[in-house]
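Step one of this worksheet: look at the structure below.
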Amino acid sequence: MARKKLQDELSSETRQKNIDAQVAAFLESGGKIQEIPKGQSGMEGNKPRVGIVLGNPPNKEK
């Protein structure tokens, strides 16, 4: 929660500068940004989706 509080205290200009610096570092390290057309998903259609289950799984009785 300390991180969220810190971000709340930063101005939007400071946050944007931080994002710009992180993007620049990512690109300089060889990272690439792929633009996904509006209305499409970045998920590949032929791969199964993996769901995340929160909480305890239900008891399975035989």
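Remark: Glu13 engages Ser11, Lys17 in a side chain to side chain contact (heavy atoms under 4.5 Å, CB included) (not counting sequence neighbours). Remark: Asn56 engages no residue in a side chain to side chain donor-acceptor pair (under 3.5 Å) (not counting sequence neighbours).
Asn18 and Gln22 are not linked by any side-chain donor-acceptor pair at a separation below 3.5 angstrom, with hydrogens and angles left out of the test.
Hydrophobic clustering keeps Ile36 apart from Ile33 (ILVMFWY residues linked when any side-chain heavy atoms are closer than 4.5 Å, directly or through intermediates).
Atom CD in Gln34 sits 11.0 Å away from atom NZ in Lys32 (nearest 0.5 Å).
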